[in-house]
Participant: 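Mind having a look at this structure? Questions to follow.
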Amino acid sequence: MTRHAKGLLLTAIGGVALSFDIPMIKLGGGDAWSAMAVRAGSAFIAALLIKQIAQWLTGRTITLLPGRIGVVIAALYGLTVVAFVIAVKNTSAANVAFIIAFTPAFTAMTAWTFLGERPSRATLLTIAVMVLAVGIIVSDGLQAGSLFGDACAMAAALLIAAVITLSRAAKADVGFAPMIGGIVPTVLGLAVLGWLGEPVRVDNAAWHVFNGMVLLPIAYWCLATGPRYISAPEVSMFYLLETVLAPVWVWLIFSEAPRPAVLIGGALLIGALGAHALWQLRVHGRRVQPSAKSP
């Protein structure tokens, strides 16, 4: 398996795992701040447990964050969660989804500007098609939302672009960074609840804990490790799998049938992502072949 194929596989697994986040939050219930604190706090604890277990099994010292850049990446991941939650609370979900869909475009710009990685025409075309697909999905839900909420959604998209680009630049293992960054939304969620005089209240904490300790670690580790093998814009495109797959899981779990626009836009998005992945595998396969044949 080539490095590029490994990167595509990792990020695909991460994107699929992340798509279960919304169904898990719905199953866990509770107010937004309580859910955020339990979910992110569980991910933080999971990182510490995984580190200890891995050290015990391998006998090697494992570093959670590789230096200052690891700390910065973790902090930005934490701020991304906060910006996303505030956005959801202050503008329509459709607005948030559509704005977040521009993450690959932002990532392409930051990677090109700071890393000198010029995106291919195929990547730019795929990004344009994916934005169109998300636009179809949320077309009947877009509205003149809160400027503050829309700004927070934009901040979340820019933060995701920044952490992917930094992860690409770090050339180090930052797989634990998103989970460690969970301490930021955990502390903020608890602080807000304390300020409001409200206790942490969720309907079924087991789902939030399962999400934070199993699904999110898989998603975060794969998506944070992906930039070591493939370009930053390619990694960011897999984040959009959540937009398509989450309604499908909600449909299967809660019998909430998705609208036709979701199915049409989802098919277009997955088709574009799949076609791009196959094209990249073909291109990189051609580059590897000559060296494989040489003595």
Participant: Looking at every non-hydrogen atom in both residues, tell me the closest pair between I136 and A261 and how far apart they are.
Facilitator: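 Heavy atoms of I136 and A261 come nearest at O-CB, 3.3 Å.
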
Participant: Looking only at heavy atoms, which two atoms of A40 and G182 are closest? And how far apart?
Facilitator: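 Taking every non-hydrogen atom into account, CB-O, 3.4 Å.
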
Participant: Would you say the side chain of L273 lies within less than 4.5 Å of the side chain of L241, judging by non-hydrogen atoms?
Facilitator: yes

Participant: Before giving the answer on side-chain contact (heavy atoms from CB on, under 4.5 Å), spell out for M237 and T126 the whole-Å C-alpha distance, their side-chain angles and the decisive distance to 0.1 Å.
Facilitator: CA-CA 9 Å; M237 288 191 290; T126 304; 3.6 Å; yes

Participant: Please identify each residue that fulfils ring pair (Phe, Tyr, Trp, His ring centres under 6.0 Å) with F210, with sequence neighbours left out.
Facilitator: none

Participant: Quick one: does R60's side chain get under 4.5 Å of Q55's, heavy atoms only?
Facilitator: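 A side-chain contact is absent here, since even the closest heavy-atom pair is not under 4.5 Å.
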
Participant: Over all heavy atoms of both residues, which pair between A177 and L65 is shortest? Give the atoms and the distance, please.
Facilitator: CA-CD2, 3.7 Å

Participant: Quick one: closest heavy-atom pair of T186 and G41, and the distance?
Facilitator: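 Closest heavy-atom pair between T186 and G41: OG1-N, 2.9 Å.
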
Participant: Which is it for S120 and T123 under the side chain to side chain donor-acceptor pair (under 3.5 Å) test, yes or no, and what are the steps along the way?
Facilitator: CA-CA 5 Å; S120 66; T123 298; 3.0 Å; yes

Participant: Can L223 be reached from L115 by stepping across I, L, V, M, F, W or Y side chains whose heavy atoms are under 4.5 Å apart?
Facilitator: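 Not linked; separate clusters.
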
Participant: Around atom NZ of K51, are there more than 12 heavy atoms of other residues, nucleotides or ligands at under 6.0 Å?
Facilitator: yes

Participant: Identify whether F20 and I25 are in the same connected component of the hydrophobic contact network (ILVMFWY, side-chain heavy atoms under 4.5 Å).
Facilitator: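 Hydrophobic grouping puts F20 apart from I25.
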
Participant: Check the hydrophobic clustering (I, L, V, M, F, W, Y; side-chain heavy atoms under 4.5 Å; chains of links allowed) and say if V16 and L215 are grouped together.
Facilitator: yes

Participant: If you compare all heavy atoms of A224 against all heavy atoms of S167, which two are closest, and at what distance to 0.1 Å?
Facilitator: O-CB, 4.1 Å

Participant: Within the 4.5 Å heavy-atom criterion, are L76 and L166 side-chain neighbours or not?
Facilitator: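 Heavy-atom side-chain distance check passes, below 4.5 Å.
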
Participant: Do you know which two heavy atoms are closest between A156 and I100, and how far apart they sit?
Facilitator: CB-CD1, 3.9 Å

Participant: Taking Y220 as the starting point, is it possible to reach V235 by hopping between hydrophobic residues whose side chains are less than 4.5 Å apart?
Facilitator: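 Linked within one cluster.
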
Participant: Can you find a pair of side-chain heavy atoms, one from V244 and one from L240, that are under 4.5 Å apart?
Facilitator: no

Participant: Kindly list each side-chain donor-acceptor pair under 3.5 angstrom involving residues 246-258, sequence neighbours excluded, with atom names and distances?
Facilitator:
| residue | atom | partner | partner atom | Å |
| --- | --- | --- | --- | --- |
| W249 | NE1 | S19 | OG | 2.7 |

Participant: Take L125 and H276, measure what side-chain contact (heavy atoms from CB on, under 4.5 Å) needs, and give me the verdict at the end.
Facilitator: CA-CA 9 Å; L125 177 61; H276 182 270; over 6 Å; no

Participant: Heavy-atom count around Y229 OH within 6.0 Å, excluding the residue itself: above 12?
Facilitator: yes

Participant: Before you tell me yes or no, could you show the steps for V129 and L268 under side-chain contact (heavy atoms from CB on, under 4.5 Å), namely the whole-Å CA-CA distance, both residues' side-chain angles and the distance that decides it to 0.1 Å?
Facilitator: CA-CA 8 Å; V129 173; L268 181 59; 3.9 Å; yes

Participant: Any heavy-atom pair between the side chains of R228 and L10 that's under 4.5 Å?
Facilitator: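 No - every pair of side-chain heavy atoms lies 4.5 Å or more apart.
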
Participant: About how many Å separate CG of L124 and CZ of R118, when rounded to the nearest 0.5 Å?
Facilitator: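 So the gap between those two atoms works out to 8.5 Å.
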
Participant: Between F44 and I180, is the side-chain contact (heavy atoms from CB on, under 4.5 Å) condition met? List the steps.
Facilitator: CA-CA 5 Å; F44 177 77; I180 296 300; 4.0 Å; yes

Participant: Side-chain contact, heavy-atom cut-off 4.5 Å: L188 with W33?
Facilitator: yes

Participant: Would a 4.5 Å heavy-atom cut-off, applied to side chains only, mark P199 and L193 as touching?
Facilitator: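 No; the side chains remain at least 4.5 Å from each other.
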
Participant: Decide yes or no for I160 and F106: does some side-chain heavy atom of the first lie under 4.5 Å from some side-chain heavy atom of the second?
Facilitator: no

